[in-house]
Amino acid sequence: MEIRKLKKEEHLKTRALYEEVFNEDSKGFVDYYFSEKTKDNVIYVVEDEGEIQAMLHLNPYTVMVNGVEKKAHYIVAVATRKEYRGRGFMASLLKRALNDMYVDGENFTFLMPAAEAIYAPYDFRTVYEQKISYYDSDKCEADEKLKVRALQDEDCDVLAAWAEDTLAKSMDVYVKRDGDYYRRWIKECRSDGGKLMLLENENGISDFRVWFPGENEEGAKIMTRILDVRRMLMSLRLRELLCVCFRVTDPIIEDNNRCLVLTGTENSGSMLMDGKMENAEGEITIGALTSLVFGAKNVDEICKEEGVHMTERMKEEMKKIIPLSKIYLNEVV
């Protein structure tokens with residue numbers, strides 16, 4: 001088996017497999033995906049008998065983490081043709097992608113799982129449930145001070161500035177907004193007969209909503225995985241003076257297996273040094289650390305997981321980390 005990263009001009013070759021596996025998606029949405037999203041994404045494939053039998057797509061985003069811009073990829077369209085399943089293709093594609101993103105200096109990656117149990121063995125952890133604000137005509141029209149209209153391309157820069165300001169004040173982790181983000185989202189909604197609705201009052205933009213014909217879907221779960229433990233830990237804020245030495249284990253990204261000294265203050269933020277194994281006060285898996293960093297579990301909860309061991313002092317020190325618990329990752333693809 002050989003995994004190959006497709007050239008940009010080859011991306012359309014994956015459409016047949018996409019339509020076969022994700023047959024619930026409308027033709028309009030698939031047209032949108034392969035005309036827009038595959039312009040700048042990365043696609044890994046496994047080929048056999050001259051055809052693509054398995055694939056994994058990485059869609060690029062700029063994410064904000066504690067106010068700092070970082071590059072991240074959203075893992076989507078992970079698929080294997082039915083007769084080729086059970087051969088480990090997905091595992092191999094996933095491990096290749098994770099290691100390549102690590103080499104590129106990315107802190108973490110995220111995905112929307114078909115089932116959480118599929119990705120948990122690769123140390124992905126559920127950290128967020130999407131909260132989509134759908135347009136309710138009855139509620140909006142009842143407010144006489146509210147003006148509602150469909151978002152147009154010329155509105156996108158103004159909406160992006162408003163959204164970026166709003167999210168920066170309230171979220172630890174979110175996808176950075178700009179005009180192109182919303183112009184692309186308009187196309188995504190239109191592909192399924194929907195639209196973005198802009199809500200304005202006497203002070204300007206007050207919010208926006210998503211509208212689709214028919215019933216609205218419930219929010220999906222989002223899983224994340226730390227890719228570079230050092231870069232990720234350096235992105236954190238602390239409650240007070242902290243200093244602790246511990247070992248990290250990662251079965252997929254070899255360079256994450258190391259002993260670290262995490263230190264810093266509430267003013268400096270976190271700082272890292274390499275530690276000595278004989279000084280380690282405990283051991284933590286990359287999956288457990290992902291849960292802790294993104295606020296899905298607290299220190300006492302992760303200590304119950306297999307492969308996690310901490311002294312009492314280490315537990316108290318790790319509780320000084322401020323988790324990235326205010327998350328807003330509502331992207332579909």
Side-chain angles (χ1 to χ4, degrees), residues 1-15 17-18 21 33-34 36-48 51-65 68-81 84 87-114 118-125 127 173 175-176 222-235 248-258 260 272 285-287 289-290 293-294 329 331 333:
M1 180 189 66
E2 182 179 354
I3 295 172
R4 186 166 72 89
K5 184 189 296 186
L6 295 182
K7 299 176 182 178
K8 297 294 183 185
E9 58 269 24
E10 297 179 292
H11 284 190
L12 193 59
K13 292 180 179 180
T14 62
R15 177 161 180 158
L17 180 57
Y18 187 104
V21 175
Y33 184 85
F34 280 91
E36 282 291 326
K37 301 299 289 188
T38 59
K39 287 179 182 177
D40 57 3
N41 73 349
V42 177
I43 303 178
Y44 296 93
V45 300
V46 176
E47 294 169 306
D48 186 52
E51 292 187 13
I52 294 170
Q53 309 298 353
M55 65 180 179
L56 179 150
H57 295 212
L58 298 180
N59 291 350
Y61 284 95
T62 299
V63 296
M64 302 300 295
V65 180
V68 179
E69 285 189 21
K70 297 180 182 293
K71 183 175 74 171
H73 279 92
Y74 186 17
I75 300 175
V76 303
V78 182
T80 302
R81 186 161 278 117
Y84 281 83
R87 303 188 189 184
F89 288 179
M90 189 205 83
S92 297
L93 286 166
L94 199 54
K95 290 174 182 178
R96 165 70 184 275
L98 293 175
N99 276 280
D100 282 0
M101 287 186 282
Y102 167 80
V103 170
D104 287 342
E106 297 181 35
N107 291 20
F108 73 97
T109 185
F110 60 107
L111 55 78
M112 183 192 299
I118 296 173
Y119 296 97
Y122 305 98
D123 294 296
F124 283 84
R125 296 294 181 264
V127 300
V173 180
V175 170
K176 183 178 175 63
I222 295 294
M223 303 181 83
T224 62
R225 189 200 197 274
I226 292 175
L227 296 170
D228 188 322
V229 66
R230 290 170 294 180
R231 292 178 187 270
M232 195 74 245
L233 290 174
M234 288 286 286
S235 301
V248 178
T249 60
D250 187 336
I252 295 176
I253 302 175
E254 181 62 32
D255 202 35
N256 281 333
N257 292 282
R258 56 179 60 245
L260 296 169
L272 280 180
T285 64
I286 200 73
L289 189 60
T290 296
V293 165
F294 288 95
L329 296 172
E331 286 59 43
V333 289

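It should be emphasised that the depicted structure is a prediction, and the values quoted were computed from it without experimental measurement.
The two residues H11 and T38 make their nearest non-hydrogen contact at ND1-O, 3.0 Å.
Between F110 and Y74, the two ring planes are parallel [angle under 30°; tilted spans 30° to 60°]. Ring planes of Y18 and F34: perpendicular class, angle over 60° (limits at 30 and 60°).
To the nearest 0.5 Å, atom CG of residue L6 and atom OG1 of residue T14 are 7.0 Å apart. Summarising the geometry, atom CZ belonging to R4 is positioned 11.0 Å from atom CD1 belonging to I43; distances are rounded to the nearest 0.5 Å. Note that CG of L98 is 5.5 Å distant from CD1 of I75, once rounded to the nearest 0.5 Å. Atom CD1 of I253 and atom NZ of K95 lie 11.5 Å apart (nearest 0.5 Å). With values rounded to the nearest 0.5 angstrom, F89 atom CZ is found 11.0 Å from R81 atom CZ. Rounded to the nearest 0.5 Å, atoms CZ (R225) and CG (D250) are 4.0 Å apart.
Side chain of K8 to backbone of N41: a donor-acceptor contact under 3.5 angstrom is found. A donor-acceptor pair is defined here as one N or O able to donate and one able to accept, closer than 3.5 Å; no such pair exists between the side chain of Q53 and the backbone of Y84.
Other residues, nucleotides and ligands place more than 12 heavy atoms under 6.0 Å from the CD atom of E9.
Side-chain N/O atoms of N256 and Y102 include no donor and acceptor closer than 3.5 Å.
Under 4.0 Å is where a charged nitrogen must lie from a carboxylate oxygen, and between K7 and E10 no such pair does.
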Practice task
Run the numbers on N107 and S235 for side chain to side chain contact (heavy atoms under 4.5 Å, CB included), then give the verdict.
Solution key: CA-CA 9 Å; N107 291 20; S235 301; 3.1 Å; yes
